[in-house]
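Written out below as structure tokens is the structure these notes cover.
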Amino acid sequence: MDGRNGAAVMQEAAREAAREAIGPVRPEWTDHYGHMNMAFYLVAFDMATDLLWPRLGLGPAFRAQGLGTFAAESWVAYQREVLEGMPLAASSEVLAHDAKRLLLRHRLFHAEEGWQSAECEFLFLCVDLEKRKVAAWPEAVQAAFAAQAGGAPTKRLSLQRP
């Protein structure tokens, strides 16, 4: 045993099982150092967001109500570089939410070797697309957030205003 308790081992296994393929690091994503440019980490994290949205009720039915999601804040931490062609996968977790905001974390991994390359936190707002104003999440969406919330603490972002 590696010193972790059974619950920690089970949580890690669940996170690994929940990873979804993003695809390989594309040539146009790399810079003159040969690794993925920082701007494209946000592209990869946005792709992870697109994979998460249907599980949270933020797909076509949400948009049909005239609602959308806007990113208000983001924070990224880089742990290990990825190079052109390396396969990427992401995991996502709901950290917190309130009537109008959603805070989540994405982690980016080497899809075959399993090591973490980067992580980010995003604060999203529910927006009425006609009025272009922040609005309340529909009840069903808030219930989906609550069902997906893992209880993990945030690292940088918060629902609280400074």
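Quick caveat: nothing in here was measured; it's all calculated off a predicted structure.
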Practice item. Kindly indicate whether the side chain of Leu129, heavy atoms from C-beta on, has any atom under 4.5 Å from the side chain of Phe70. Key: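 Of all side-chain heavy-atom pairs linking Phe70 with Leu129, at least one is under 4.5 Å.
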Practice item. With the side chain counted from C-beta on, respond yes when Leu108 and Tyr78 share a heavy-atom pair under 4.5 Å apart, and no when they do not. Key: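 No. Closest side-chain heavy atoms not under 4.5 Å.
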In the single-linkage hydrophobic clustering (I, L, V, M, F, W, Y; side-chain heavy atoms under 4.5 Å), do [X] and [Y] co-cluster?
X      : Y     : value
Met38  : Met86 : yes
Leu103 : Leu58 : no
Val76  : Val82 : yes

Check your understanding: Can you list the steps and then say if Leu42 with Phe122 is a side chain to side chain contact (heavy atoms under 4.5 Å, CB included)?
Key -> CA-CA 10 Å; Leu42 285 176; Phe122 281 107; 3.9 Å; yes
Nearest heavy atoms of [X] and [Y], plus distance in Å:
X      : Y      : value
Leu123 : Ser158 : CD2-O, 4.3 Å
Leu83  : Gly34  : CD2-O, 3.3 Å
Tyr41  : Met36  : CE1-O, 3.4 Å
Leu95  : Ala152 : CD2-O, 3.6 Å

**Study point:** Thr30 side chain vs His35 backbone, donor-acceptor pair below 3.5 Å
**Key:**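 Checked: no pair found.
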Exercise for review: Without swapping roles, check the side chain of Glu93 against the backbone of Gly150 for a donor-acceptor pair under 3.5 Å.
Suggested key: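 No.
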**Study point:** Nearest-0.5 Å distance, CZ of residue Arg107 to CD of residue Gln79
**Key:**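 CD of Gln79 is found 8.5 Å from CZ of Arg107.
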Side-chain donor-acceptor contacts of residues 46-56 below 3.5 Å, not counting sequence neighbours, with atom names and distances?
| residue | atom | partner | partner atom | Å |
| --- | --- | --- | --- | --- |
| Thr49 | OG1 | Phe45 | O | 3.1 |
| Thr49 | OG1 | His106 | NE2 | 2.8 |
| Trp53 | NE1 | Thr69 | OG1 | 3.1 |
| Arg55 | NH1 | Glu20 | OE2 | 2.7 |

Exercise for review: Would you mind listing every salt bridge (charged side-chain N to carboxylate O under 4.0 Å, His left out) that reaches into residues 151-160, with sequence neighbours excluded?
Suggested key: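 Listed once each, the pairs are Glu119-Lys155.
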